[in-house]
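These notes concern the structure reproduced below.
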Number of protein chains: 2
Amino acid sequence: MLMMDLFRSYLHQNRLPLTHQREAIAMALFEAEHHQSVDDLADLLRGRGEHVGKATIYRTLNLLVEAGLARELDFGEGFKRYEHQAGETQHDYLICTSCGKVARFRREAMDRLQADVASELGFAVQSRMLKIYGFCDACAGAESSGQAVGSPASVGAGPETG
Amino acid sequence: MLMMDLFRSYLHQNRLPLTHQREAIAMALFEAEHHQSVDDLADLLRGRGEHVGKATIYRTLNLLVEAGLARELDFGEGFKRYEHQAGETQHDYLICTSCGKVARFRREAMDRLQADVASELGFAVQSRMLKIYGFCDACAGAESSGQAVGSPASVGAGPETG
DNA sequence: CGTTGATTGAGTCTCGTTTTCAACGGTGAT
DNA sequence: ATCACCGTTGAAAACGAGACTCAATCAACG
């Protein structure tokens, strides 16, 4: 697997040992289709009969992020999620504040806009995180749409409203 | 002050009392120019001779967010920040991963892009959070720019890399 | 193989945020 | 004004994600 080779290469070049645990954690993340939490990964590994401490999962995920092979995500759930970064181009997120569904999308225009703004304000871009919050198709029907001042404050899964 | 009136109105319509603490906290946030942490606000209030417990600050900030008068921000510092939402239009953020400086910007194109994507994917937008990470002018000079696989993993104030 | 130096993991610690609960205080009615 | 109702307050405790500790373990290289 390519991703695994890249990880091995990263470890080797930084004189870090490739342990059984690191391999198992990286494999689990690389094989996963969606963004995984640390607990997700712990469960997944336990299911495979692997004994891996959570501290090690945290440490290995940080390694993978440093290696550029994974990205850290925060959908406001109170804990982080991780997804592998298979050399894919940057993508952005739509998040349903009702059911929590996350959809990914890509727009060239977004990259251009980012480059324009950055050069204008004198920033050298490293990465970005765009999250658009709202209601997905399925959830749009219901919802009391408590709009700001004056309503019952029925905001559900309150996102990072910024 | 307009913001304060809106808050009063929100409380009244929801049959919630306007306490001295709530007024003090809201005032402090409304008067603040930049995004404040809970500790910032606690210090500020203490400096004014107001005795307000942190639990109350948290609770009042949540109220303000529900009222649509404040927004919650997370710049990856390990704690949340809040800024008042004075009916201003949506804005986005550039964050220096080296010194932590935060710059705000606005682009019409961003709103259009958001609307396009949302309608295309069947989402009803509530809000968004766009954070562009990179190095500001001042910090761009130094930095070993540890680029992904193979380098010393010298990632500094690692942002939400997603 | 043996040595070296980093990793592992169960448990502990940290710290932001939430909850608890008894005392307190707005608010609207009287 | 006064009262009663009901939500608020705040100190302390609880909570939870994530980082740290340290002795035992293990990968890697000669």
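Naming: A, B, ... by sequence-line order, numbering from 1 per chain. Reckoned from all heavy atoms, side chains included, excluding hydrogens, waters and symmetry mates.
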How many whole angstroms separate atom [atom1] of [X] from atom [atom2] of [N]?
X       : N      : atom1 : atom2 : value
B/Leu63 : D/dT8  : CG    : P     : 7 Å
A/Phe79 : D/dG16 : CZ    : C1'   : 11 Å
A/Leu11 : D/dC26 : CG    : C1'   : 15 Å
B/Asn14 : D/dT8  : CG    : P     : 11 Å
A/Glu50 : C/dG9  : CD    : C1'   : 15 Å
A/Arg8  : D/dA28 : CZ    : P     : 10 Å
A/Arg15 : C/dA6  : CZ    : C1'   : 13 Å
B/Lys54 : C/dT20 : NZ    : C1'   : 18 Å

(request) Have a look at A/Arg81 and tell me which of A/Asp74, A/Asp40, A/Asp39 forms a salt bridge (Lys or Arg N to Asp or Glu O under 4.0 Å) with it. (result) A/Asp40
(request) Working to the nearest 0.5 Å, report the span between OG1 of B/Thr56 and CG of B/Leu61. (result) 10.5 Å
(request) Please name the residue in the list B/Gln36, B/Arg104, B/His34 that meets the side-chain hydrogen bond (donor to acceptor under 3.5 Å, both in side chains) test with B/Glu83. (result) B/Arg104
(message) If we ignore hydrogens and angles and just use 3.5 Å, is the side chain of A/Arg128 paired with the main-chain N or O of A/Gln90 as donor and acceptor?
(response) no
(request) Go through the structure and list residues passing salt bridge (Lys or Arg N to Asp or Glu O under 4.0 Å) with B/Lys101, not counting sequence neighbours. (result) none
(message) Taking 4.0 Å as the cut-off, does a side-chain nitrogen or oxygen of B/His12 come that near to OP1 or OP2 on C/dG28?
(response) yes
(request) Report yes if a side-chain nitrogen or oxygen of A/Tyr58 is closer than 4.0 Å to either non-bridging phosphate oxygen (OP1 or OP2) of D/dG18; otherwise report no. (result) yes
(message) Quick check for you: among C/dG9, D/dT9, D/dG18, whose closest atom lies nearest to any side-chain atom of B/Thr56?
(response) D/dT9
(message) Given C/dA6, D/dG10, C/dT27, identify the nucleotide with an atom nearest to the side chain of A/Pro17.
(response) C/dA6
(message) I need the single residue from B/Phe79, B/Phe75, B/Tyr82 that forms a ring-ring contact (aromatic ring centres under 6.0 Å, His included) with B/His35. Which is it?
(response) B/Phe75
(request) Look at the side chain of A/Arg59 against the base of D/dG18 and say whether a donor-acceptor pair falls under 3.5 Å; ignore hydrogens and angles. (result) no
Cut-off 3.5 Å, no hydrogens considered: what does the side-chain donor-acceptor table look like for residues 44-52 of chain A, sequence neighbours left out?
unit_1	atom_1	unit_2	atom_2	d
A/Arg46	NH1	A/Asp43	OD1	3.3
A/Arg46	NH2	A/Asp43	OD1	3.3
A/Arg48	NH2	A/Glu31	OE1	2.7

(request) Specify the residues of residues 19-31 of chain B, ordered by number, for which at least one heavy atom lies under 4.0 angstrom from an atom of DNA chain C. (result) none
